[in-house]
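Letters go in sequence order (proteins before strands), and every chain restarts at 1.
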Number of protein chains: 2
Amino acid sequence: MEKIPLYEQIKEALLGRLASDHWRPGELLPSEPKLAEEFDVSQGTIRRALDDLVSQGLLVRHQGRGTAVTEHTPFGFFHLFRGDGARELPQSKTLRISSNQASRTERDSLELASGKQVIRILRVRYLNLEPKIFETISVSSDLFPGLVKMSARDLPNTVYRFYEQEFGVPIVGKRERLRAATATKSEARYLHVEVGTPLLEIECVAYSHRTQPIEWRISRCLTDEHYYCNPPESA
Amino acid sequence: MEKIPLYEQIKEALLGRLASDHWRPGELLPSEPKLAEEFDVSQGTIRRALDDLVSQGLLVRHQGRGTAVTEHTPFGFFHLFRGDGARELPQSKTLRISSNQASRTERDSLELASGKQVIRILRVRYLNLEPKIFETISVSSDLFPGLVKMSARDLPNTVYRFYEQEFGVPIVGKRERLRAATATKSEARYLHVEVGTPLLEIECVAYSHRTQPIEWRISRCLTDEHYYCNPPESA
DNA sequence: AATAATAATTCTTATATAAGACTTAAGATA
DNA sequence: TATCTTAAGTCTTATATAAGAATTATTATT
């Protein structure tokens, strides 16, 4: 059997703890010397494993303080920027939360079995108080028991933090596919534009640890005053 | 004065050699022990510097062989994928090469002084033999002497490799900004679609080492059969 | 109780050595 | 001359120690 490097094994072990909510976001991990003792390896090997998790965005190092689990900032994973490069935190108005039989696309994107239910969320997002994005979000009913009964008004703006704090489901990455589209009648109404206005369509699958798909999302964005950029230019 | 770590100084030195074409793409660098001897540091310090350049995509490691300067694959930096995730190498037809006074946007994007000339290239790109992208490329006349006199027919498909091989100007990174647009009369004609068809607009600045802007490009893409994705999903 | 100094802890940078895995070069053999 | 074996080179993984920089905890002083 192929021999797996020690640092890879340690990465997997730490990844398992991250996935099972062993540590909360912001919480400090045991120190490098302590981990070296626990796993019976050298500190250099621990360093190598931790460095890899840092470069994946899962951990953050603080010299003199320790290694912490990454906390999501409100901007995390939001890739629209104002024309001058500034970031604006989008606001949200949830229009509807409903339970539906998963469509073919939802099943494929979320890796769901046939017959499964999804929870669908429709919402408009605002940049600088103006409606700029029309969003459809789908998640597996099984992962979020009780979510469908929530009032639309109560769904918070930052749903990734909500998944993590209320359901223990952390989002650690996403995959986006972009296309050009034009506003339908319904989108035109919500976004205060004319039918046929160009919209940037962002199809997004969000993942937890070990790349399990958690959420499928379609965002249709006005780009008259904003642009999409990934990675961010400050990165 | 702030003390710069040794490995950062070595990175800068190697970056300088990469920028001045000291090594050609594909060429092997001196081995780690040799570099350690040259810079009078430990191999671990050399390793740290090289690893950083590898993660920036500038170098590639070959176990048992050596460290080489990254060669651009034809797909490098091309972020459109077919609907099923496959990659298709775009073909090109250059429509025109001309010399013009730089516009305000060209000056800003390429960091040119007032009064400078740019070379403008118009071309259509094909995916699976169908016109899918209408492109406008601008570069500084000063960096590419003689380019304006080239026949449009002779401009190769992979212009980044062309810049590097014919002018010694390597492209090592780019910054893209995406927006939604609709086809103008001219674009509709070249792309064989109707006016108003949604197009994905990719505004791109391509850089050499030390983030000097080399090329400003606007690509207007049909996304009926393709999508944009960065980083690529296989990454 | 508040503040300052000291000590202990953390990660970061840097050194060193060595075995393993992979590739290439040199020498031996047919 | 061609092929095989061995040696030498490369990067990768892993060990170890130690000083520097930053943060936190403890102790001493006011």
For A/S92, all residues meeting side chain to side chain donor-acceptor pair (under 3.5 Å), sequence neighbours excluded: A/R123, A/R125, A/N157
A/A86: what forms a side-chain contact (heavy atoms from CB on, under 4.5 Å) with it, not counting sequence neighbours? A/R82, A/D84
Test: salt bridge (Lys or Arg N to Asp or Glu O under 4.0 Å). Region: residues 143-152 of chain A. Which pairs qualify, not counting sequence neighbours? none
side-chain contact (heavy atoms from CB on, under 4.5 Å) against B/S31, all qualifying residues, sequence neighbours excluded: B/P33, B/K34
Are the charged groups of B/E8 and B/K11 less than 4.0 angstrom apart, N to O? yes
The side-chain contact (heavy atoms from CB on, under 4.5 Å) partners of B/L28 (sequence neighbours excluded) come to B/R65, B/A68
Are any of the side-chain nitrogens in A/K174 or A/E215 under 4.0 Å away from the carboxylate oxygens of its partner? no
Name every residue in residues 49-57 of chain A that has at least one heavy atom under 4.0 Å from any atom of DNA chain C, in order of residue number, or write none if there are no such residues. none
List in chain and number order the residues that pass ring pair (Phe, Tyr, Trp, His ring centres under 6.0 Å) with B/F162, two or more places apart in sequence or in another chain; answer none if no residue qualifies. B/F167
Polar atom pairs between nucleotides 19-22 of chain C and protein, under 3.5 Å, N or O only, would you list them?
| residue | atom | partner | partner atom | Å |
| --- | --- | --- | --- | --- |
| C/dG20 | N2 | B/Q63 | NE2 | 3.4 |
| C/dA21 | N3 | B/Q63 | NE2 | 2.9 |

Taking side chain to side chain donor-acceptor pair (under 3.5 Å) as the criterion, tell me which of A/K132, A/E88, A/H79 meets it with A/H226. A/E88
Residue pairs passing the side-chain hydrogen bond (donor to acceptor under 3.5 Å, both in side chains) test where at least one lies in residues 41-50 of chain B, sequence neighbours excluded: B/Y7-B/R48, B/E32-B/Q43, B/E32-B/R47, B/S42-B/T45
Between C/dT12 atom P and B/E8 atom CD, what is the distance in whole Å? 13 Å
Start and end of the DNA chain D segment that chain A contacts, any atom under 4.0 Å from a heavy atom: D/dT13 to D/dT24
Residue list, side-chain contact (heavy atoms from CB on, under 4.5 Å) with B/A102, at least two apart or on another chain: B/E106, B/R107, B/L112, B/V118
Would you check, one step at a time, whether the test salt bridge (Lys or Arg N to Asp or Glu O under 4.0 Å) holds for A/E27 with A/R17? CA-CA 12 Å; A/E27 189 174 344; A/R17 294 184 195 180; over 6 Å; no
Going by heavy atoms closer than 4.0 Å, what residues in residues 23-47 of chain B are next to DNA chain D? B/S31, B/E32, B/P33, B/K34, B/R47
